Colleague: 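Quick one: this structure, given as structure tokens, is what I'll be asking you about.
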Amino acid sequence: LSSQDRIQLQGDAGAGRNASIQSAQAGVQAGNLSAGNDLTVLAAQAIQVAGGASAGGDMALSSQNAGVSAQTLLANGDLSTQAAGDIIITGTVAAGGNNQLHSSAGQVDLGADLYGANSVSVIGNSVQLAQGLQSGGLASVTANTGAIHSAADLVAAGNMQLQSAGATTVSGSLQSGANLALQSGADTSISGNLAAQQNISVQSAGDLQATHIASTGDTSLAANRIQADDVQAGGQAELLAPQDIELAQALVAGSLSTHS
């Protein structure tokens, strides 16, 4: 289905195999979209799915000049959501492969679960995750001009990378099955634990607050002020803060370096 102008589908649109919807100069509006195999939606302007979109294979949604909104996005294969504007999904976003949500100039706001069996990558000016994320491999979250806020745990079986120009706030824990790297342009607040099976690296331009910080490898923490219950590292632990370093319980490491 292809048109130069707007494509508006009031009800459900489905295909037993592949489905492709393209608007070269305008947007796409639909109720529910489904494909037995791959689903592709390309538009110059906004993509608005009032219900959900699902694919038995891969799914690709791309808005060149505006945003993408939907209730749910579900793909058995890879899921790619690209937009120049805001990406707003109120329900679950899940992929049986890689899951990418990339906005070049807007926010990414997700209202429910975010899952990728192989990997999860989120990029936006700011990132809001109402239910955190789970990745079977790599997890990467980037806020180019604003903050990262998650109201639940961020969990990755592989490496985890978080980078924000503003604050990073997680009402839960960060858990990585490999390395965990976090860079924040303002305060970093983790209500739960920072945990990695390998190394942890945190660089925060503001204060760093967490409950338990634990790695089996090295742990490097650099912030204006560091506050935690305890820090445990199987290798070297390095804590750098021009203000206070406050640990309510223990600091345990193979080797230790602190500067305040």
Side-chain angles (χ1 to χ4, degrees), residues 21 27-28 30 33 35 38-55 57-166 168-170 172 174 182:
I21 302 172
V28 173
L33 298 174
D38 297 342
L39 172 63
T40 302
V41 183
L42 306 176
Q45 299 301 324
I47 296 173
Q48 299 169 305
V49 183
S54 62
D58 298 337
M59 182 190 302
L61 309 177
S62 178
S63 171
Q64 293 180 336
N65 303 304
V68 174
S69 63
Q71 285 192 11
T72 60
L73 300 177
L74 306 173
N76 285 337
D78 293 339
L79 172 54
S80 173
T81 307
Q82 310 277 341
D86 296 342
I87 297 175
I88 301 175
I89 313 299
T90 57
T92 298
V93 181
N98 302 304
N99 196 340
Q100 295 183 340
L101 298 106
H102 292 177
S103 170
S104 60
Q107 66 172 327
V108 177
D109 190 342
L110 306 182
D113 296 334
L114 172 61
Y115 174 76
N118 292 342
S119 69
V120 173
S121 175
V122 182
I123 299 174
N125 281 352
S126 62
V127 176
Q128 299 270 347
L129 304 175
Q131 295 296 329
L133 69 80
Q134 288 189 325
S135 172
L138 169 71
S140 175
V141 181
T142 302
N144 288 321
T145 62
I148 294 172
H149 177 78
S150 176
D153 296 341
L154 305 182
V155 180
N159 293 331
M160 179 178 291
Q161 303 168 354
L162 277 73
Q163 184 172 355
S164 67
T168 298
T169 304
V170 178
L174 298 181
L182 187 156

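No experiment lies behind these values; they were computed from the predicted model shown.
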Colleague: Taking the side chain from D38 and the backbone from D58, do they hold a donor-acceptor pair closer than 3.5 Å?
Modeller: yes
Colleague: For the residue pair A53 and L39, what are the closest heavy atoms and their distance?
Modeller: CB-CD2, 4.1 Å
Colleague: With sequence neighbours excluded, tell me which residues meet side-chain hydrogen bond (donor to acceptor under 3.5 Å, both in side chains) with S119.
Modeller: N98
Colleague: What residues form a side-chain hydrogen bond (donor to acceptor under 3.5 Å, both in side chains) with Q48, not counting sequence neighbours?
Modeller: Q29
Colleague: Quick one: which of D86, I47, V28 gives a side-chain contact (heavy atoms from CB on, under 4.5 Å) with V68?
Modeller: I47
Colleague: Does any non-hydrogen side-chain atom of T81 lie less than 4.5 Å from one of V108?
Modeller: no
Colleague: Can you list, pair by pair, the side-chain donor-acceptor contacts under 3.5 Å of residues 133-142, counting residues two or more places apart and other chains?
Modeller:
{"residue": "S135", "atom": "OG", "partner": "G137", "partner atom": "N", "Å": "3.1"}
{"residue": "S135", "atom": "OG", "partner": "G137", "partner atom": "O", "Å": "3.3"}
{"residue": "S135", "atom": "OG", "partner": "L138", "partner atom": "O", "Å": "2.7"}

Colleague: Which residues satisfy the side-chain contact (heavy atoms from CB on, under 4.5 Å) test with S126, sequence neighbours excluded?
Modeller: Q107
Colleague: Side chains of V49 and V41: closer than 4.5 Å at any heavy-atom pair?
Modeller: no
Colleague: How many angstroms lie between atom CG of L154 and atom CD1 of I148, to the nearest 0.5 angstrom?
Modeller: 8.5 Å
Colleague: Hey, what do you get for CD1 (I87) to CD1 (I123), rounding to the nearest 0.5 Å?
Modeller: 9.5 Å
Colleague: A66: what forms a side-chain contact (heavy atoms from CB on, under 4.5 Å) with it, not counting sequence neighbours?
Modeller: Q45, A46, S63
Colleague: Might you point out which heavy atoms bring G96 and A117 nearest each other, and give the distance in Å?
Modeller: O-CB, 3.2 Å
Colleague: Which heavy atom in G85 sits nearest to a heavy atom in S103, and how many Å separate them?
Modeller: O-OG, 2.6 Å
Colleague: May I ask you to test the V93-N99 pair for a side-chain heavy-atom distance under 4.5 Å?
Modeller: yes
Colleague: For Q100, check side-chain contact (heavy atoms from CB on, under 4.5 Å) against everything at least two apart and list the hits.
Modeller: S80, Q82, H102, S121
Colleague: Taking all non-hydrogen atoms of both residues into account, name the closest pair between S150 and G132 and its distance.
Modeller: OG-CA, 3.3 Å
